[in-house]
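Remember, it's 1-based here, ligands and their atoms both numbered in the order they're listed.
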Amino acid sequence: MIPAIRIERLQKRYGEKLVLDIPHLEICSGRVVGLLGENGAGKSTLIDLLGGVSEPSQGCVDTADARVGWCSQRLVIDWFVSGWMNVWLGACLAGLKGDRANLITDQAIAQVGLGDANLKATPEVLSGGQQQRLMIARTFAMQPDIYLLDEPTVGLDVQNLERFADHVRDVRQSGATVVISSHEFEAVEDLIDDVIFLADGVVKFFGSKPDFVERFVTKETIRVVLDRAVSPDDLGKVEGFSVEVQGCSIILDVPRGTDFKTVLGVLPSGVDVVEYSRQAVGLRQAVKWAAQH
Ligand SMILES: Nc1ncnc2c1ncn2[C@@H]1O[C@H](COP(=O)(O)OP(=O)(O)OP(=O)(O)O)[C@@H](O)[C@H]1O
């Protein structure tokens, strides 16, 4: 696959502090990449460098001649023109003019569910979530080859989240590359193909989402409900298990893939299992473990 973004010896310092250090990284076109990591890991710094709105202290980012659409975590809005014109600006940045620019503007507004909002007024009349969507619409109207979206799902309600996800799928289908920074793992889990996991400005993992989950989720949580309460002393011990008793419920942290029979081995004789469930293994657990290891 062709790299849409190539990073070489990229460093960003604020004063003496090195906040991002990526020797080499290539993001392929047509992928949706989740940029994950704890607060302060360097996600926004990387998005800003990729978008060219921040200068590297060293090294470079190459996006060839791609059109890059940057949607910041912070509000970047022209408060002196109407909401509609803020989105139209995106169409203009795509080189569109006249009726075509107007059409793309209206489409982008509909895609983020702002069709009924008062976009004739300046944007301060919009709610926080609507202002966020205004910026997303402007990026959509720009029709970029590379979308850089910093926390785009914050403040979106369920319906708008679905609209957003549909649009990301559409642009990915048409070959665009999308980088999404997010702490809202459930919102982006089904969208992303790859994960960049940053910790203290360093890429700790870069690869496919399934590989990320496989690598970092080594344990899973199982909940067993019994027909009567038991005491922790009644339970057997199994290497690698940690067990918590809550009345009739037993919560077990076990190595991933542990079979039911092995779990049963922990229980005292003479009790019946009323309910048994495994917590779904996904991005949230992987991020949690990646941050700890
Ligand atoms: N303008 C600045 N001046 C000094 N330090 C900065 C500046 N911008 C960011 N930093 C520092 O760079 C580091 C990375 O910040 P960044 O905003 O990229 O993190 P992040 O992963 O996006 O965090 P969050 O999840 O909280 O948005 C942090 O230690 C932050 O304090």
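- Contact record, L126 with N118: CD2-O, 3.9 Å, taken as the closest heavy-atom pair.
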Full working for salt bridge (charged side-chain N to carboxylate O under 4.0 Å, His left out) between E189 and R284: CA-CA 9 Å; E189 175 135 28; R284 179 172 290 281; over 6 Å; no
Quick check on ligand 1: any N or O pairs to the protein under 3.5 Å? One line per pair.
residue, atom, partner, partner atom, Å
ligand 1, 18 (O), S44, N, 3.4
ligand 1, 18 (O), T45, N, 2.9
ligand 1, 18 (O), T45, OG1, 2.5
ligand 1, 19 (O), G42, N, 3.3
ligand 1, 21 (O), A41, N, 3.1
ligand 1, 21 (O), G42, N, 2.9
ligand 1, 21 (O), K43, N, 2.9
ligand 1, 21 (O), K43, NZ, 2.8
ligand 1, 22 (O), S44, N, 2.9
ligand 1, 22 (O), S44, OG, 2.9
ligand 1, 23 (O), G40, N, 2.8
ligand 1, 25 (O), N39, ND2, 3.2
ligand 1, 25 (O), K43, NZ, 2.7
ligand 1, 25 (O), H183, NE2, 2.7
ligand 1, 26 (O), N39, ND2, 2.9
ligand 1, 27 (O), Q73, OE1, 3.4
ligand 1, 27 (O), Q73, NE2, 3.3
ligand 1, 29 (O), K17, NZ, 2.9

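- A salt bridge does not link R256 to E220: none of the charged side-chain nitrogens sits closer than 4.0 Å to a carboxylate oxygen.
- One side chain, T153 or E184, offers a donor N or O that lies under 3.5 Å from an acceptor on the other.
- The other residues sharing a hydrophobic cluster with V254 are I222, V224, L226, V230, L235, V238, F241, V243, V245, I250, L252, F260, V263, L264, V266, L267, V271, V273, Y276, where clustering joins ILVMFWY side chains under 4.5 Å apart.
- Donor-acceptor pairing under 3.5 Å is recorded for the side chains of W70 and D48.
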